[in-house]
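A short write-up of the structure that comes next.
Computed over heavy atoms, backbone and side chain alike; hydrogens, waters and symmetry mates excluded.
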Amino acid sequence: MKRTASIKTRITIWYTTLMLVLMAVVLSLVGGISYRLSIDNIEKDVVVQVSGVNEKLSKRDRGVFFKIENNEEFKNVTVYTDRGEYVAGKYNYDIDRIPFKEGNPRRESVDGKEYIIYDLRTATPPGIPPFWIRGAESVNSSVILGQSMFYVVLILVPIILLLTALGGYYITKKAFMPISDITKTADDIRVKGDVKKRIPLNPEGKEDELFRLSVTLNAMLDNIENLITKEKQFTSDASHELRTPISVVLSQGEYLLEIAETEKERELAQNIVDKANQMSKLVSSLLLLSRIDQNRQKLIKKDVELRVLVDVAVETTKAFAGEKRINVNVKVEENLTVYVDETLMLSVITNLINNAVKYGKESGNVNITAKKEGSAVNIIVKDDGIGISKENLEKIWDRFYRVDDVRNDEYGSNGLGLSMVKSIVELHGGKISVESEIGKGTEFKIVI
């Protein structure tokens, strides 16, 4: 499955991108409007100054030009003769080169500089030459101000976006905290099988959708735990109830075997004994698993010499291995001891060796090795038999799961052996793993 970013990250990216787009749009509008207003103000200012000078000139006072030149109100105005000769006002060589054109304020560009120009021709009595009044103001200051604002925004926007992203991610993460708790609880239940785990609830938290979801899931887990508890109790009760009738059947079958007179009677009696023994082993396994599930199985642990334990297990399966002409090879470090429940651990090793022989190839080998690595003891049981496919490898620990029903029926397997082995090993605080390849064999490894 393709890995995607978390919901928190995607939400953060989404609203940060949205914020970036909104800021870009708003700043563009504000910048454009501000620039337009700045140009409009310059145009109005130029028109006002030119109109003021025109009013002064219309009075034809002797000191009018002196007043114009010394009055700050007319600092951006220049007066020319009708032929374009400079008379008074602010002199600017660049502006002098621009032809006069009466009308509305206009923009002119000279050597890369932008100006707002407004020309006004004064009305004079007949015989008196008119004047040109020119108002000119540079727009470069507005451009520079706009550029400065742009650079300031260019610096501030990333900082604002970073703070927005971090703050938003923190808020989103806090809002999604219940989902993390739900995921962690589900993982703990899946990995550890602890159905008693519950999603933590903050009693002072807000009763939002996630809070209600957590409450609902906890209630569902309560129901699941109750069902599992009832199932385990039923298994335990049923196993106890079955022990007596199975014992009766077994004893009656053995009696029938003793008094059988014909071959057919002995065959029928032997079949009853074999099936009763098989049922007895099944019930014993179920009772053991039930006690482990309910934490009622007591461990009588002591230091046990591992070589002795392995030898006993090998001896138990010796006849079975002989039938298939399988060599059982043992390699255990000397004086290697383990602190375990002797009976249960013997059951584990015997079961693994029995499985290795059962699924080993004719005239093959079963290798049992044990050695100490650090503070742990490794026990390995390896065969060169048929192997287990990848799709079945994880299922072998499931109760009553059998890879090959035909072979298991032949050997009287009930599908509880490996499940019981795993439960006993984990009860001792150990771990068991398996590696297998079809046609090349299987290796079980216990670490205690």
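Between the side chain of Lys324 and the backbone N or O of Val357 there is at least one donor-acceptor pair closer than 3.5 Å.
Closest approach of Trp397 and Val434 over heavy atoms only: CZ2-CG1, 3.9 Å. Among all heavy-atom pairs drawn from Ser436 and Thr442, the shortest one is OG-OG1, 2.8 Å.
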Exercise. Could you go through the salt bridge (Lys or Arg N to Asp or Glu O under 4.0 Å) check for Lys372 and Glu333 one step at a time?
Key: CA-CA 8 Å; Lys372 190 168 186 178; Glu333 286 183 3; over 6 Å; no
Report all side-chain donor-acceptor pairs from residues 424-431 shorter than 3.5 Å, counting only partners two or more places apart or in another chain.
| unit_1 | atom_1 | unit_2 | atom_2 | d |
| --- | --- | --- | --- | --- |
| Glu426 | OE2 | Lys422 | NZ | 2.6 |
| His428 | ND1 | Ile424 | O | 2.9 |
| His428 | NE2 | Asp341 | N | 3.0 |

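Contact of the Ile446 side chain with the Leu352 side chain is registered, since non-hydrogen atoms from C-beta on lie closer than 4.5 Å. Looking at Val273 and Leu250, their side chains come closer than 4.5 Å, going by heavy atoms from C-beta outward. Looking at heavy atoms from C-beta onward, Lys358 lies in side-chain contact with Asn355 at the 4.5 angstrom threshold. With a 4.5 Å cut-off on side-chain heavy atoms, Arg212 and Val215 do not count as touching.
For Glu108, the salt bridge (Lys or Arg N to Asp or Glu O under 4.0 Å) partners are Arg106, not counting sequence neighbours. When the salt bridge (Lys or Arg N to Asp or Glu O under 4.0 Å) test is applied to Glu261, no partner is found at least two apart in sequence or on another chain.
A salt bridge links Asp311 with Arg307; the closest basic N to acidic carboxylate O contact falls under 4.0 Å.
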